[in-house]
Number of protein chains: 2
Amino acid sequence: MSISSRFSVGIHILALIEINKNGISTSEFLAASVNTNPVVIRKIIGMLKNAGLVKARPGIAGAELAKELSDITLFDVYKAVNVVQEKELFTVHDNPNPECPVGRNIQKTIGPLFTSAQLAMEKVLKSLTLEDVVKDISTKENIC
Amino acid sequence: MSISSRFSVGIHILALIEINKNGISTSEFLAASVNTNPVVIRKIIGMLKNAGLVKARPGIAGAELAKELSDITLFDVYKAVNVVQEKELFTVHDNPNPECPVGRNIQKTIGPLFTSAQLAMEKVLKSLTLEDVVKDISTKENIC
DNA sequence: ATTACTTGTAATCATAGTAATTACAATTTA
DNA sequence: TAAATTGTAATTACTATGATTACAAGTAAT
């Protein structure tokens, strides 16, 4: 199991819109950088738009950021592209046997433990912003 | 996306083997509690066995714990049942365009960030043991 | 030794999510 | 009006999951 690449592609899109802010970031342009199909990009941009992270309008070429870079956390992107549902990073098997002491308690016992692990991961995503990503890319570019 | 229920089933199996330690935990018995097929249980027990967490032998009915409860962390189970690969909780899209500043850096920039988020989650799993799980189940049982 | 039971494993199947792709309506600009 | 772009729907191939059937191999009891 692995979390969908919509997340990494979403980050890629946002970073590139920023770095290309003097140009026009069409879905075709972004797709060429990500190396995928423009429709895939438009679908993800649609999700980023619903989350208020980018602006885009039918017929008008190019997407723009709707927020400051430092105001967009990786958690915002993660939620926007809908890769993991709340409290559902881990699956807990359903319908365990209620006539067994373990079966009738396992879900309520394991649930909070799994949630706390998920929250720890998400806390890290909340601490990171698109600005961190763009700065790191800029640094790597200057070195090369 | 959600992490396979092999993980929660693995925990269920280990907890039930402990709680049923005076009885014989056959795959059929365990399957009845989990509410799944005995073959699914045997496959997971095979993984737990490879990881040194349980003992089981062909022809001999019942699986037993191979370690103390307090010596088995949820991380041990998580690794045993192979639900998430190292550094691969998140997918990073491959083949981004090397002729774009973002494309040629995104993987090395995002990779460590994703890994740190994954490690934070795994750190929580390392802090929890099967003993915690069994104690919680026992507590819930006594109240009811 | 034969019978009954169990583990271990392979193979098959239905289902769900992913990512790529084609197609096209609706919108804007030149 | 023509060209370009966004936004969607529909289709396809692929992969992982979990359930299931089938069966070989091992063990224990009579």
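As a basis for the values below, the full set of heavy atoms in this structure was taken, side chains included, without hydrogen atoms, waters or symmetry mates.
Hydrophobic clustering (ILVMFWY, side-chain heavy atoms < 4.5 Å, transitive): Leu74(B) and Leu119(A) are in distinct clusters. Leu14(A) and Phe75(A) fall within the same hydrophobic cluster, where Ile, Leu, Val, Met, Phe, Trp and Tyr residues are linked whenever their side-chain heavy atoms come under 4.5 Å apart, directly or through other members.
The aromatic rings of Phe114(A) and Phe7(B) lie parallel to each other, with less than 30° between the two planes, well short of the 60° mark.
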**Message:** Pair His93(A), Thr36(B) - check side chain to side chain donor-acceptor pair (under 3.5 Å), show working.
**Reply:** CA-CA 9 Å; His93(A) 55 292; Thr36(B) 185; over 6 Å; no
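A salt bridge does not link Glu122(B) to Lys79(B): none of the charged side-chain nitrogens sits closer than 4.0 Å to a carboxylate oxygen.
Residues of residues 4-16 of chain A that place a heavy atom closer than 4.0 Å to DNA chain C, in numerical order, are Ser4(A), Ser5(A), Arg6(A). For the segment residues 73-104 of chain A, the set of residues with a heavy atom within less than 4.0 Å of an atom of DNA chain C is empty.
Per the geometry, CD1 belonging to Ile24(A) stands 14 Å off P belonging to dA4(D), to the nearest Å.
Contact annotation: Thr36(B) side-chain N/O to dG18(D) OP1/OP2 distance is not under 4.0 Å.
Partners of Thr109(B) under the side-chain hydrogen bond (donor to acceptor under 3.5 Å, both in side chains) rule, at least two apart in sequence or in another chain, are Asp136(A). Partners of Lys108(B) by salt bridge (Lys or Arg N to Asp or Glu O under 4.0 Å), not counting sequence neighbours: none found.
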Look for any protein N or O under 3.5 Å of an N or O in nucleotides 6-12 of chain D and output each such pair with its distance, or none.
unit_1	atom_1	unit_2	atom_2	d
dT6(D)	OP1	Ser27(A)	N	3.4
dT6(D)	OP1	Gly62(A)	N	3.2
dT6(D)	OP2	Ser27(A)	OG	2.8
dT6(D)	O4'	Gly59(A)	N	3.3
dG7(D)	OP1	Lys49(A)	NZ	2.6
dG7(D)	OP1	Ala56(A)	O	3.4
dG7(D)	N7	Arg42(A)	NE	2.7
dG7(D)	O6	Arg42(A)	NH2	3.1

Can I get a per-line list of side-chain donor-acceptor pairs under 3.5 Å for residues 45-68 of chain A, giving both atom names and the distance, sequence neighbours left out?
unit_1	atom_1	unit_2	atom_2	d
Lys49(A)	NZ	Ala56(A)	O	3.0
Asn50(A)	ND2	Gly46(A)	O	3.4

